[in-house]
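Remarks on the structure that follows.
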Amino acid sequence: MASLRCIKCGTEYPLGKARYRCDCGDLLEVAHDLDSLDVSRKLFDSRLGSLKWPYSSGVWRYKELILPVDDKFIVSRPEGNTNLYCSTKVSKYVGHENLCMKHEGENPTGSFKDRGMTTGMTAAKMLGAKVVACASTGNTSASMAAYAAMSGMKAVVFIPEGKIAFGKLAQAVAYGARVIQIEGDFDDAMALVQEASEELNMYLLNSINPFRLEGQKSISIEVVQQMGWKVPDWFVLPGGNLGNSSAMGKAMMELNELGIIDKIPKIAVIQAEGANPFYKYFQGGFKEFKAMKADTLATAIKIGNPVSWRKLEIVMKWCKGTVEQVSEQEIVDAKAIVDASGIGAEPASCATVAGVKKLVEKGVIKKDESVVGILTGNVLKDPDIVINYHQGKLEGLKSKYANKTVKIKPTLAEVRKAI
Ligand code: F0G
């Protein structure tokens with residue numbers, strides 16, 4: 001039987017009660033009884049391309065490893081089944097041939113959050129919740145709003161005022177969530193939503209909720225399956241609240257324990273220079289974790305006090321991974337290349353590519369190693385950044401790869417000149 005287990009003191013709690021933290025104050029995780037699970041590569045392969053509910057989802061395909069729950073509770077769009085792309089243009093830019101990008105922007109609401117939201121919302125339904133809540137830099141709120149609408153629950157989202165990308169805000173509003181703008185940043189919103197959900201009986205669907213991370217585990221499991229159960233040498237992904245990178249590590253630990261994989265991938269977490277508390281913690285040898293005031297144009301990862309830093313520390317020590325930071329200029333340039341390759345992704349996602357470039361240059365990622373980078377969100381999430389970059393209007397930054405639009409008089413002669 002699976003249970004909720006404290007990552008620090010190991011105290012266990014039953015799955016069937018809403019709880020986000022241990023009595024000792026630390027984070028909880030879903031502990032599966034791996035010995036009793038009857039899972040194999042063959043089982044998961046037999047569900048590939050399935051039209052059968054819920055296995056058509058790239059999350060529920062791995063149901064036994066994700067959440068042992070009655071199918072009647074499952075809320076699924078379905079999510080996952082996202083593609084892996086290799087691009088000559090991006091490879092050339094980062095100086096590494098063996099790079100694939102998994103595009104999580106292909107999920108139903110345009111980000112990887114849907115993988116965690118299907119499990120989070122399923123748990124909410126199982127626990128009989130009526131109202132769900134989250135703080136968000138945008139994508140979690142977009143995803144939660146959609147899944148709540150589908151399951152007839154009320155959604156309340158707390159967002160930092162004026163600091164979320166337009167596409168994401170538009171989604172939360174469109175899907176009918178109650179949108180509360182906080183005079184403060186994401187970290188203020190996160191603190192408030194924890195208090196508010198406790199007091200006002202709302203089920204909290206941030207990644208502090210251990211069920212969310214179970215769904216997000218499926219990103220790396222799906223990659224490994226897509227690669228014929230070969231494990232890449234590196235997974236590279238952006239880090240904000242640090243839930244996704246923790247989930248990726250947990251998935252790999254479990255597959256390793258089950259004998260489904262025979263190699264441990266190294267995980268590289270990329271933070272923006274202005275929102276890099278975990279980078280500093282890593283650099284300082286995990287001595288003292290210090291929250292900070294965050295600032296970056298990659299608003300998805302503008303987080304100074306990430307919830308899951310302890311979980312990620314465990315993962316980093318296990319996989320001997322690394323943490324890198326990238327500048328605003330490096331993020332926007334990498335984004336221009338990812339976009340111009342025809343793949344396209346939002347700024348935080350492109351921290352992945354900027355990070356790969358840096359790690360290749362530093363020799364941390366070796367020439368012969370295989371790399372899978374995660375693109376976490378869709379290009380249309382943040383149209384302002386795209387337009388401002390290409391018009392040379394991002395303050396203090398150069399638009400090295402600008403693709404300027406041209407305005408002409410409606411004559412053939414002018415068209416000829418323009419092209
Ligand atoms: N990339 C994107 C596009 C995101 O939206 C987020 C997080 C991350 C990366 C970082 O993942 O937090 O698990 O380390 N967005 C959250 C939100 C915080 O509210 O949508 P993380």
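Only a predicted model underlies this, so the values are computations on that prediction, with no experimental measurement involved. The basis for the numbers below is simple: all heavy atoms, side chains too, and nothing from hydrogens, waters or symmetry mates. We count ligands from 1, going down the list as the structure has it; atoms in each ligand are counted the same way.
In this structure, Y20 and Y203 have tilted ring planes: the angle between them lies in the 30° to 60° band.
Salt bridge annotation for D295-K302: present, with a cationic side-chain nitrogen under 4.0 angstrom from a carboxylate oxygen.
Judged as a side-chain hydrogen bond (donor to acceptor under 3.5 Å, both in side chains), and not counting sequence neighbours, N403 has no contacts.
Looking only at atom types and distance, the side chain of R41 has no donor-acceptor partner in the side chain of Q225 under 3.5 Å away.
Figure legend: K163 and F186 shown without cation-pi pairing, the cationic atom not lying both under 6.0 angstrom from the six-membered ring centre and within 45 degrees of its axis.
Near ligand 1, residues F112, K113, S136, T137, G138, N139, T140, P238, G239, G240, N241, L242, G243, N244, A300, I301, I303, E346, A348, T376 each place a heavy atom inside the 4.0 Å sphere around the ligand atoms.
No more than 12 heavy atoms of other residues, nucleotides or ligands sit less than 6.0 Å from atom NZ of K8.
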